[in-house]
Amino acid sequence: MTNSTSTTPAPGTPGGPGTLAGRREWTALGVLMLPLLLVSMDVSVLYFAIPSISADLEPSGTQQLWIFDIYAFVLAGLLMTMGSLGDRIGRRKVLLFGAAAFGTASVIAAYANSPETLIAARALLGIGGATLMPSTMAIIRTMFTDPGQRAKAIGMWSGVMTGGIALGSVMSGVLVEYFWWGSVFLVNLPAMVLLLVLGPILLPESKNPEPGRFDLLSVPLSMAAVLPVIYGVKEIPSEGWKFEYVVSVLVGLVFTALFVHRQRTAKSPLISPALFRGRGFAPAVVLNLIASFGMLGSAYFTTQYLQSVLGKSSMEAALWALLPTVLVGVAAPVAAQLVQKGVHRAHVVSGGFVTAACGYGLLTLAGTDSMWLVLAGAGVLAAGIVTVMSQMMDLALGTVPVGNAGAASSLLETGAEFGGALGMAVLGSIGTAVYRHEIPAGAPAPAHETLGGALAVARQLPGGAGQALATAAREAFTSGMQAAAVAGAVLLLGAAVLATATLRKVHVREAPAEAVESVA
């Protein structure tokens with residue numbers, strides 16, 4: 001059991017810089033992957049459970065939205081706080097606290113007897129998730145000091161995160177089919193118990209030995225910066241550019257400016273501006289954000305395409321959506337191997353963006369009966385994006401002092417949350433605009449809003465009229481997806497150029513273990 005309070009062992013000792021990790025570290029990585037998988041699954045685990053929850057707890061429409069959204073909001077709002085806290089009091093300590101909170105919240109959620117209780121439990125799950133994500137990445141940085149091994153470990157981390165979101169909806173469908181809705185939460189318990197038992201044995205403790213005082217004012221400022229923006233851009237694709245959502249984004253941007261000012265002037269900031277002095281860190285954050293934009297921007301369309309255009313059931317759509325993740329498991333390890341064999345990281349990352357753009361290119365060719373083409377496009381896009389994200393995480397963590405690994409990883413993940421929300425908002429808005437332009441002018445008002453609304457109206461119309469409206473709506477949605485795919489492809493090709501320009505002179509020199517940044 002390791003109880004060291006330094007960030008990494010000294011050179012020449014087991015686990016020191018450049019030392020190859022052994023069976024213990026790889027076993028510990030496997031233990032870390034289980035809670036990480038569940039945290040990512042919880043983003044989508046309610047997809048099939050919500051009808052049963054609605055029948056049992058009878059939430060209002062607003063309460064149902066909060067049951068869905070509160071988890072992601074709390075998680076995004078607390079990532080920076082929890083990453084910085086782990087750097088100060090110990091990553092393993094924060095990780096185990098998060099596992100206990102996640103397990104407790106899972107039990108509360110499973111046996112919730114009111115919408116309010118379930119919302120509170122989902123919020124507590126978000127707190128647990130916010131502690132788990134940056135802590136796992138920071139601990140990986142501590143355990144794997146050899147750059148090649150760390151790249152492989154981060155590739156696995158990226159694959160688990162991406163695959164978990166797709167797996168969550170399928171898992172919930174299977175569990176709800178055979179058990180009651182609470183089982184989608186209880187499935188979390190074995191992994192959390194395993195982490196609580198094996199974590200103190202296998203995982204090293206690590207923290208910044210000179211972290212400075214914890215800046216309490218930065219905590220509400222960070223949440224006020226993140227939450228309004230995430231909320232606004234999340235609602236815009238479905239509700240349109242309404243005044244309240246635009247104001248929400250603007251308010252968040254004002255608090256973002258205040259948060260940045262606080263970090264630049266505080267003696268002990270939550271996120272030290274010195275992180276950006278590491279060559280390659282700022283490009284890594286920006287490129288990771290763009291990659292997340294591309295990933296979730298496409299998911300907004302492909303899930304609806306499978307269900308509403310092709311007419312698949314929710315379970316069928318979820319199962320088919322697993323197919324593209326096969327390429328995800330290959331992409332990150334291949335990218336790591338290329339970098340280790342001497343291919344410049346700039347070329348690997350720009351190649352990932354070009355690959356992802358090709359995925360969008362395939363989506364531009366889709367018609368209303370092109371399931372295999374859409375799945376292929378989604379798979380190629382996901383493989384390219386995971387290539388980029390795994391390399392950007394490795395680059396960012398390799399260029400910052402080990403003592404700030406938690407803050408660095410939390411900043412990457414917060415950027416990814418922003419990117420995903422922006423992707424759905426911007427590309428979703430493009431698709432919606434094209435859809436509304438192409439839907440027949442004489443169609444009922446609900447048909448002009450969404451494809452789901454059009455199909456609901458079509459089912460109420462007699463014979464040929466209903467079929468004609470449904471066909472027109474599916475074609476309009478597909479045209480919107482094609483237009484959004486063009487925009488996504490152009491953005492990712494631009495990101496490929498940006499990656500080449502910003503990374504071509506970045507030759508990573510590992511931040512030494514002794515060079516722990518003092519923010520006091």
Side-chain angles (χ1 to χ4, degrees), residues 35-47 49-50 53 59 62-86 94-110 112 114-137 161 164-165 168 184-185 188 192 216 218-235 245 248-249 251-252 255-256 259 270-271 292 296 406-407 409-422 424:
L36 181 65
L37 178 66
L38 294 174
V39 168
S40 61
M41 285 172 55
D42 258 47
V43 174
S44 57
V45 78
L46 290 185
Y47 285 175
I50 201 67
I53 292 173
T62 301
Q63 288 174 327
Q64 182 169 306
L65 287 175
W66 279 112
I67 290 171
F68 260 116
D69 293 339
I70 192 66
Y71 173 78
F73 287 159
V74 172
L75 186 148
L78 287 176
L79 278 171
M80 287 187 286
T81 297
M82 294 305 181
S84 181
L85 186 64
V94 170
L95 178 72
L96 296 179
F97 166 79
F102 205 87
T104 301
S106 297
V107 174
I108 296 172
S114 69
E116 293 82 3
T117 302
L118 184 54
I119 292 169
R122 289 278 288 171
L124 185 55
L125 283 168
I127 295 173
T131 66
L132 291 167
M133 292 175 68
S135 295
T136 55
M137 182 59 69
M161 278 296 297
I165 296 174
V184 304
F185 298 108
N188 296 332
M192 295 304 164
L216 291 176
S218 289
V219 175
L221 280 177
S222 69
M223 296 187 71
V226 172
L227 293 180
V229 177
I230 294 289
Y231 173 73
V233 298
K234 191 174 186 299
E235 294 300 320
Y245 303 137
S248 180
V249 172
V251 167
F255 277 105
T256 298
F259 176 74
L270 195 69
I271 302 293
S292 184
L296 293 188
S409 61
S410 69
L411 196 58
L412 278 169
E413 290 155 13
T414 302
E417 293 289 334
F418 273 119
L422 284 171
M424 289 190 288

So do [Y] and [X] actually touch side chain to side chain, heavy atoms under 4.5 Å?
X    : Y    : answer
F185 : V107 : no
L125 : S106 : yes
L132 : F97  : no
L95  : T131 : no
M82  : S135 : no

Heavy-atom pair with the smallest gap, counting every atom of [X] and [Y]:
X    : Y    : result
S248 : P228 : OG-O, 2.7 Å
A416 : S292 : O-OG, 2.6 Å
L78  : A130 : CB-CB, 3.7 Å
G128 : A101 : CA-CB, 4.4 Å
V229 : V249 : CG2-O, 3.8 Å
A123 : V74  : O-CG1, 3.5 Å

Can you run down the side-chain hydrogen bond (donor to acceptor under 3.5 Å, both in side chains) pairs that involve residues 73-82, sequence neighbours left out, and say none if there aren't any?
none
Any chance you could measure [X], atom [atom1], to [Y], atom [atom2], to the nearest 0.5 Å?
X   : Y    : atom1 : atom2 : value
Y71 : R122 : OH    : CZ    : 7.5 Å
L79 : S222 : CG    : OG    : 9.5 Å
M80 : L412 : CE    : CG    : 12.0 Å

State which residues pass side chain to side chain donor-acceptor pair (under 3.5 Å) with T104; sequence neighbours excluded, sorted by chain then number.
none
